[in-house]
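Note sheet for the following structure.
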Amino acid sequence: MVELSEKLVKGEGRFVDDIQMPGMLYLGFARSQYARARILRISGAQLTHKEVNFDIAEVGEGATEGGSELLKHPVLAKDYAGYVGQPVAAVYSDDRYVAEDLIDSVDIEYEPMKAIVDPEDSISREEMYPGVKSNAIVDRYFGDDFTPDSTDIVIERKMVNRRIATNPIEPRGVVAAYDGNKLTVWVSTQSAHAIKEGLSEALKMEPDRIRVVQVDTGGAFGLKGGLFPEYVVACYLAMKEKRPVKWIETRREHLLASRPGRGAVAKLKLFAKKDGTITGLKGEVIVDNGAFTGGSGEFSPIFIVKQLAGAYHLPNAYVRALSVLTNKAPQGPYRGAGRPEAMYFIERLMDGLADKLKMDPVELRLRNAATETYTSPLGFQVEKSRPFLESAIRELNYEKYKGKENVGFALLILYHATFGGESARIKVEDGKVRVWTGGNAHGQRHDVFIKTLLNEELGVSEDHVEVMKGDTDMLAEGVGAWGSRSSMVLSSAVIVAARKIREQIEKKQGKYTVQALLAGKWDHYEYFNYDRMESSLGANLVTADVDDYGRVKVKDCLSYYDLGRVLDPDNARGQNAGGAVQGIGQVLSEELSFDEDGLPLITSISDAGVLSADLVPRFDIKFHKSESPLPSKAKGVGEAPTIGVPIALSRAIELATGKTILETPIKPEYLLPVEKE
Amino acid sequence: MVNKKHISITINGEVKEAEVEPRMLLAHFLRDQAGLTGTHIGCDTTNCGACTVIMDGKAVKSCTILAVQANGRKVLTIEGLSKGREKLHPVQQSFVDKHGLQCGYCTSGMILTSYWLLKNKKNVTEEEIREAISGNLCRCTGYDNIIDSVKDASKKMEEEGDPIEEQPEIKVRA
């Protein structure tokens, strides 16, 4: 059960920067120092756009088809730089220190332009690129326009979730090698198959000439499902020089030029009757896309808007979904990827409505929780939430806190990215059961639950099972590990594959025995198709105090999430505590901020606001277990805390300070007490 | 090319001699030259603690120490904790038993900082653990399971002692 942990505690993991090969080259990038500039001349570089003339392919979580050619991210900048940190030219050496030196010897001449920084300004500014019709790359309405009742109460709020860096402790990284025909890529990733697909498209290479192998992956949080410019350049160079090439991101590069998440503004009006029954929602959501496509900026606003009913019965809605160009790195998925934003917006409106009506916020939620499953006017199915909410109020002991503490409460729906299904392969040989899956773990310990499931399905003990890392040569297709999907579709693919192996054995030998399994040679590849998006409910309760210096102390942080069948309780608790810390970070400290010229103000992981152990409480995590319809009976694990915790904590701080909280992170000076005259 | 310097560092009880550029970081020396890739690099700015090693009895961040500064010193890396023994070190065992890791990238530094704490303090409280590991960032676990691991390790260290044999004292060169 603990094989992988035992390796990792001895320092015997194999992460991408641990790979050493004879003749290996280290790659480095000269990056734009301006948020928006014409590039007039480049000298001293070994690789520029003139030679490496590729665009990035959009793959992974939140990838969309099509899109404007003009907006595609060039792997090395053409004649235009769209954000600080954009790769402009590449250098390399067989010594990593010399490669660093070479970056400094690249001379780039720029003609700076006035940057577009604030997403709310973007539409009224001139087009970012010649030929682009509008700075709004997504502009769509959802729902139907409606006329609110003139006696309705209106809560109108502008709410902001500013950009956050994903900040896995292991930065991005890749090693590429080429044997004259086949390109092999070792990468820290959530999806070996997405990387393969993206490289094939970007490099215009036949897919069967590319093999992508996942190495131990030190956290990802949405970031590492996608393809990046640096990876394409590493592959190009490996093929050009016929030498292995390594690129490892520095933290500073991560903060400048990886794909940060959040970055959404909502201007919404919630309508309700005087008894608190909500009647409609109007307004707009604007996503800060950044300068190019390639992340999830086209997907995000639509995904956010479709979820805006929250877990409530919302009869009318009409909301505009916008994604706009700004001079920043492309926006990408960060743990929750649109779910935290959507629930933050509707839940903060609900708290505002409760205050206006002088109602208890939880009472207001009870009044509006969906009593039947229905499809919201914005598009998504909202599951019946009232019974869950009633049990959450009990399980989280809300009555104990109510009126005595600064207590915030959140009700959430987690929409799982189950669509697309997932693959698994089980191969038995020499008494060893090896398993490959399309979703690649990066801290979720898929190996633990896969062994449990194989024990249940095939009676095989854990020590005979080896859970392999992602490898596109060993598995025909695959999707990826994101969107709280693996406990649902990956586990189900493993279960179905195991059942097919059992059938193979029964067919050949009359009956199934473990001995027959281990003595024979068996191989089954299963693509578990699933075209529905499942959902699950969750709730959080957070209490906090704020001192005279505006410092927030999070006291209790309680979670109650519907996990269906809990496949690995230890890990589910660990993931949920980890997500809760990220949720607290979003409210208190985590932000990638920029000045008015689009220059990033954040230069270290601490500036970026990642919280340490002394700043967070112990977490109380409870599970509700209403089984899913999938073979694994499980529901999603990873994203509920990053959805619910920011909501409940914002409310707790609001009660502690008497100040309305509508933005994350909260600027500390905003929480300072007002000086009395 | 800058003149290389000769260094001699006792790493996990073995003397390692090399010629290095003065600018080479200890973390890169350990990883690229001594082949000890258990020491990880996460932030380059002494914030995340993934590169923590024990140097002359103190937990230090090897990404902001030059290899030449470690000349003549004793360095203990994650590989040294259970080196030459079949069993894991009690601190390593506690991290396995109490699920103190998920992706495993911060783990080496987290374990060595915890080891340093437990060598210096008995019966540690939760608050002391949180303070001690506040220079080590973990993005996966939310710290609860790490704290439980350190508490468990504290007990194990009391009961089993520290299996790392005392290394001979090496005089630090002036």
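Each chain gets a letter, A, B and so on, in the order the sequences are listed, and its residues count up from 1. Keep in mind that the numbers below use all heavy atoms, side chains included, and drop hydrogens, waters and symmetry copies.
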Check your understanding: Non-hydrogen atoms of chain B under 4.5 Å away: do they reach the side chain of A:Ser606, the backbone, both or neither?
Key -> both
Check your understanding: If you count heavy-atom pairs under 4.5 Å with chain A, which of B:Arg31, B:His40, B:Glu126 comes out on top?
Key -> B:Arg31
Exercise for review: For A:Thr217 and A:His442, indicate whether the former's side chain and the latter's backbone hold a donor-acceptor pair under 3.5 Å.
Suggested key: no
Review point. Taking every heavy-atom pair that is under 4.5 Å apart, which of A:Asn576, A:Ile248, A:Val581, A:Ile584 has the most such pairs with chain B?
Key: A:Val581
Point to revise | Exam field: side chain A:Gln190 to backbone A:Ala481, donor-acceptor pair closer than 3.5 Å | key: yes
Study note, to complete from the structure: Max heavy-atom pairs within cutoff under 4.5 Å with chain A, candidates B:Lys83, B:His28, B:His89, B:Glu79, goes to B:His28
Exercise for review: Name the member of A:Gly579, A:Ala441, A:Ala220, A:Gly218 that forms the most heavy-atom pairs with chain B at distances under 4.5 Å.
Suggested key: A:Gly218
Review point. Does the side chain of A:Glu170 pick up a donor-acceptor pair with the side chain of A:Ser188 at under 3.5 Å?
Key: yes
Check your understanding: For the candidates A:Ser612, A:Pro641, A:Ala613, A:Gly585, which exhibits the highest count of non-hydrogen atom pairs separated by less than 4.5 Å from chain B?
Key -> A:Ala613
Review point. Using non-hydrogen atoms and a limit below 4.5 Å, what part of residues 140-149 of chain B faces chain A?
Key: B:Cys140, B:Thr141, B:Gly142, B:Tyr143, B:Asp144, B:Asn145, B:Ile147, B:Asp148
Revision key, fill the gap. Max heavy-atom pairs within cutoff under 4.5 Å with chain A, candidates B:Gly42, B:Gly100, B:Gly80, goes to B:Gly42
**Study point:** Main-chain N/O of A:Pro168 paired to A:Lys224 side chain as donor or acceptor, under 3.5 Å
**Key:** no
Point to revise | Interface residues of residues 9-17 of chain A facing chain B - heavy atom cut-off under 4.5 Å | key: A:Val9, A:Lys10, A:Gly11, A:Phe15, A:Asp17
Point to revise | Among the listed options B:Ile133, B:Leu81, B:Asp97, B:Leu88, the residue most often paired with chain A at heavy-atom distances under 4.5 Å | key: B:Leu88
Practice item. Taking atom types as modelled, find out whether A:Asn440 and A:Ser191 have a side-chain donor-acceptor pair closer than 3.5 angstrom. Key: no
Practice item. Check the pair A:Val215, A:Val175 against side chain to side chain contact (heavy atoms under 4.5 Å, CB included), reporting the backbone distance first and the verdict last. Key: CA-CA 10 Å; A:Val215 287; A:Val175 170; over 6 Å; no
Revision key, fill the gap. Most contact-rich option vs chain B, by heavy-atom pairs under 4.5 angstrom, among A:Thr603, A:Ile169, A:Ile605, is A:Ile169
Exercise for review: Give a yes or no answer on whether the side chain of A:Lys246 reaches the backbone of A:Met24 with a donor-acceptor pair at less than 3.5 Å.
Suggested key: no
**Study point:** Portion of A:Leu255 that has a non-hydrogen atom of chain B nearer than 4.5 angstrom
**Key:** neither
Practice item. Let me know if B:Ile41 has heavy atoms under 4.5 Å from chain A in its side chain, its backbone, both or neither. Key: backbone
Point to revise | Salt bridge flag under 4.0 Å for residues B:Glu160 and B:Arg85 | key: no
Point to revise | Side chains of A:Ser484 and A:Glu639, donor plus acceptor under 3.5 Å | key: yes
Review point. Counting heavy atoms not belonging to B:Lys5, are there more than 12 under 6.0 Å from its NZ?
Key: no
Check your understanding: Are more than 12 heavy atoms from other residues, nucleotides or ligands located less than 6.0 Å from atom CD of B:Glu127?
Key -> no
Practice item. Using a cut-off of under 4.5 Å on heavy-atom pairs, state which of B:Thr45, B:Leu137, B:Thr107 scores highest against chain A. Key: B:Leu137
**Study point:** Interatomic distance, B:Arg73 atom CZ to B:Ile54 atom CD1 [nearest 0.5 angstrom]
**Key:** 14.0 Å
Point to revise | Distance-only side-chain donor-acceptor flag, A:Asn571 / B:Gln102, under 3.5 Å | key: no
Practice item. Applying side chain to side chain donor-acceptor pair (under 3.5 Å), run through B:Thr46 and B:Thr64 and close with a yes or a no. Key: CA-CA 6 Å; B:Thr46 330; B:Thr64 34; 2.7 Å; yes
Review point. Does atom NZ of B:Lys98 have more than 12 heavy-atom neighbours, drawn from other residues, nucleotides or ligands, at distances under 6.0 Å?
Key: no
Practice item. Using non-hydrogen atoms and a 4.5 Å limit, figure out which bit of B:Asn136 sits close to chain A: side chain, backbone, both or neither. Key: neither
Review point. Below 4.5 Å, heavy atoms only, C-beta onward: do A:Tyr561 and A:Asn540 meet side chain to side chain?
Key: yes
**Study point:** A:Asp216 portion near chain B, given a 4.5 angstrom heavy-atom threshold
**Key:** neither
Practice item. Could I get the full list of side chain to side chain contact (heavy atoms under 4.5 Å, CB included) partners for A:Asp570, not counting sequence neighbours? Key: A:Asp568, B:His99
Review point. Should we say atom CD of B:Glu14 is surrounded by more than 12 heavy atoms from elsewhere, each under 6.0 Å from it?
Key: no
Review point. Would A:Glu100 and B:Arg23 pass as an ion pair if we require N to O under 4.0 Å?
Key: no
Check your understanding: Which of residues 108-118 of chain B have a heavy atom under 4.5 Å from any heavy atom of chain A?
Key -> B:Ser108, B:Ile111
Study note, to complete from the structure: Paired with A:Thr166, the side-chain contact (heavy atoms from CB on, under 4.5 Å) test is passed by just one of A:His254, A:Arg259, A:Arg335, namely A:His254
